[in-house]
Each structure stands twice: as C-alpha cells, then as structure tokens.
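As structure tokens, the structure follows; a few thoughts come after it.
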Amino acid sequence: MSAETLSSLPISIEVKDVKLARIIIRPDGIVWVVVPQGYDRYDVEQLLSKKREWIIQQLSQIEWYKKIALSENFYLFGTPVRLNIKYHNAHSSKLTILNNKVILSIPKSRRGQEISILEKELRKILRNKLNAILTQYSKLLGVKYNRVSIKKHKSKWGGSCSNKNNLNFNLALLSLPEDTLRYAVIHELVHLIEKRHTKKFWLIVSSLVPDYKRHEKILEEHWLIVWNNEIWRKILAIPEIEIY
C-alpha cells in the first residue's frame, strides 16, 4: 500500500467526550478516528497526515492476514478450511472435521439456520477441549474455578477471570492452533493466582509455557484473521461500521 492511497481509505469518525483525538485501526482495515467536540474535517485530515506512515504499516499487516482469512471460507485450529453444508432428512445435526474440510450436516427443515447450528456444534467441541485443559492445568497450579462460560466476544479473545473465579472464553478460540488455544486457557488459569500481568504472573506462565511470547504473537495475528473471515464474522455477529 502506498502513501498516496491514504486519502481513499475507509474512515469512520466518531465525536466523543474525550480530551485528545486518537486513531484506531480496526482489524478489518477501517481507520476509526475518535475526536473531541469541536474537531472538524480539516483537523482530522491533519491528524491522519501526521500518522500516515504508522497507518500504512498497520494496514499492510492487516492486508496480509486478510488474504489468509479469505483463502478459504472458514478457519479452524490455525488452518484455512472449506466449510461445506449438507442437508439430509434426519432430525439431528453433525459437524465433521476432515483435514482441510469441515462438513456440517443439518436437517432440510432447518435450512436458513446454518450459522446458529454451526455455532452450537462448535460450542460442543470447545467445551470438551476446555474441560480437558482446565482439568489438567488446574491440578498442576493447585487452583479451583467455578463457572466456565463460552462467549462471543467481538474485542480480542475476551478471556477473563472474575472475582468469583468464573472463567469466560471466546468461542473463536477454535480458530487458533491447538497449542495456542491451550496457552490461552493456561493464561486465564494463572489469573486465578495473580489477577494482573505482574512479574509473578509471567513467571508462573513461563514455567508452564516457556515460549508464551510466541503464543501472544499468534493471538494477535489470529484476531486479524477471525475479524476478516467470512464465517467467523457471522458467528460472532461482528457489525459493519459506517464509513465516510
């Protein structure tokens, strides 16, 4: 992407009760400018011009991951896969994963409910994986957790640990390579011991996952893929944004 293309970028401008203007690059490549009251179009253009090189760098990275996200219509366990839907006369639904192909078999009577059925089947898979990982590593860490919820977070991975030791995980964790999915779960379990990202927190994490920094990078990269993948956007109900 060249600097000359900056003026033609999709830009969303939002006026908020803030002191300073800021630029946020959405994972889908939309440049979101948040400005205080009194900011006019000229001020926005000046701000964009000042941050031009940084914006171009961020957008170039997003374009790379967009290509990966769109190389197939779905993304599962760190790999682009082709989701095929088959209709049958039975009453049950089934999700079959075969190498780089995923087959969702659903009743003909439920045509039009493909995404909700797919979400339900994915929840089953993630629940089983979470149970296995949590059981193993909670024993190693000597921690106890309460409720485990699977959410459809639209901002990052959304994993969180409440004061009541409830754990929340993003359904989109299934898009990650399995070792990174495991790391994301371990990360949240360590928060049962240390709520904040202190030195102690990272020491505990590194004792279980020595290459945790590699997984942190994968988490960042894969969020760009999730946001730009056709089917994950539908599952997570990621909204479109008005552009100018």
Side-chain angles (χ1 to χ4, degrees), residues 18 22 24-28 32 34 58 61-62 65 68-69 75-79 118-229 231-233 235-239:
V18 295
R22 67 182 188 273
I24 300 169
I25 309 297
R26 290 203 347 162
D28 53 4
W32 184 19
V34 180
Q58 296 298 309
Q61 182 184 35
I62 289 172
Y65 289 105
I68 298 174
Y75 204 85
L76 208 57
F77 301 127
T79 304
L118 175 61
E119 178 186 331
K120 183 179 179 181
E121 295 298 320
L122 291 174
R123 283 178 179 275
K124 292 178 186 176
I125 294 172
L126 182 56
R127 178 71 65 179
N128 289 335
K129 290 186 177 296
L130 289 176
N131 288 342
I133 299 168
L134 289 169
T135 298
Q136 177 183 357
Y137 286 94
S138 62
K139 289 179 180 178
L140 282 174
L141 290 166
V143 296
K144 292 184 179 180
Y145 55 90
N146 293 317
R147 188 177 69 249
V148 177
S149 300
I150 297 174
K151 307 279 188 177
K152 295 195 295 181
H153 295 287
K154 300 178 182 66
S155 58
K156 291 296 184 182
W157 297 104
S160 62
C161 167
S162 73
N163 291 329
K164 295 181 180 180
N165 286 358
N166 294 328
L167 299 172
N168 297 317
F169 295 100
N170 195 334
L171 180 60
L173 284 173
L174 284 176
S175 70
L176 296 169
E178 296 219 41
D179 57 343
T180 303
L181 189 162
R182 184 183 304 108
Y183 163 72
V185 178
I186 293 170
H187 184 111
E188 295 310 315
L189 277 175
V190 176
H191 275 307
L192 295 177
I193 300 172
E194 190 71 15
K195 297 297 182 184
R196 301 177 67 183
H197 290 144
T198 61
K199 184 177 180 180
K200 178 183 177 181
F201 174 89
W202 292 115
L203 283 173
I204 298 170
V205 168
S206 63
S207 70
L208 296 171
V209 189
D211 61 342
Y212 73 90
K213 290 183 179 179
R214 178 177 69 86
H215 294 292
E216 285 288 330
K217 189 172 189 303
I218 291 173
L219 287 170
E220 182 179 346
E221 294 169 346
H222 274 66
W223 189 246
L224 297 177
I225 293 173
V226 167
W227 254 74
N228 289 288
N229 179 261
I231 293 175
W232 275 117
R233 286 185 68 90
I235 293 171
L236 299 179
I238 294 175

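- Expressed to the nearest 0.5 Å, how far CG of Leu219 lies from OG of Ser175 amounts to 9.0 Å.
- With values rounded to the nearest 0.5 angstrom, Lys129 atom NZ is found 14.5 Å from Phe169 atom CZ.
- Annotation: Tyr75 is in aromatic contact with His222 [ring centroid separation under 6.0 Å].
- When atom types are taken as modelled, the side chain of Arg22 and the backbone of Val34 share no donor-acceptor pair closer than 3.5 angstrom.
- Asn228 places no side-chain N or O within donor-acceptor distance of the main-chain N or O of Ala69, the cut-off being under 3.5 Å.
- Taking 4.0 Å as the cut-off between side-chain N and carboxylate O, Glu178 and Arg182 do not count as a salt-bridged pair.
- How far CG of Leu122 is from CG of Leu76: 6.5 Å, rounded to the nearest 0.5 Å.
- Closest heavy-atom contact between Leu134 and Tyr145: CB-OH, 3.4 Å.
- Arg147 pairs in a side chain to side chain contact (heavy atoms under 4.5 Å, CB included) with only one of the listed residues (Leu167, Asn166, Asn165), which is Asn166.
- A pairwise comparison of heavy atoms in Leu189 and Ser138 identifies CD1-N, 3.8 Å as the closest pair.
- Remark: Asp211 does not engage Lys217 in a salt bridge, criterion side-chain N to carboxylate O under 4.0 Å.
- Of all heavy-atom pairs between Pro27 and Ile62, the closest is O-CG2, 3.3 Å.
- Between His187 and Tyr137, the ring centre distance reaches or exceeds 6.0 Å.
- In this structure a side-chain-to-backbone donor-acceptor pair under 3.5 Å is missing from Lys152 to Leu171.
- One finds the CD1 atom of Ile218 at 14.5 Å from the OH atom of Tyr212 (value rounded to the nearest 0.5 Å).
- Counting only distance, with no hydrogens or angles, the side chain of Arg127 and the backbone of Val148 share a donor-acceptor pair below 3.5 Å.
- Listed by chain and residue number, nothing satisfies the side-chain hydrogen bond (donor to acceptor under 3.5 Å, both in side chains) test with Arg196 (two or more places apart in sequence, or in another chain).
- Looking only at distances, a side-chain donor or acceptor of Arg123 sits under 3.5 Å from a matching main-chain atom of Ile150.
- Atom OG1 of Thr180 is separated from atom CG of Leu173 by 10.5 Å, given to the nearest 0.5 angstrom.
- Scanning both residues, Ala172 and Val226, for their nearest heavy atoms gives CB-CG1, 4.1 Å.
- Note on Glu121 versus Lys124: salt bridge recorded, some NZ/NE/NH1/NH2 to OD/OE distance being below 4.0 Å.
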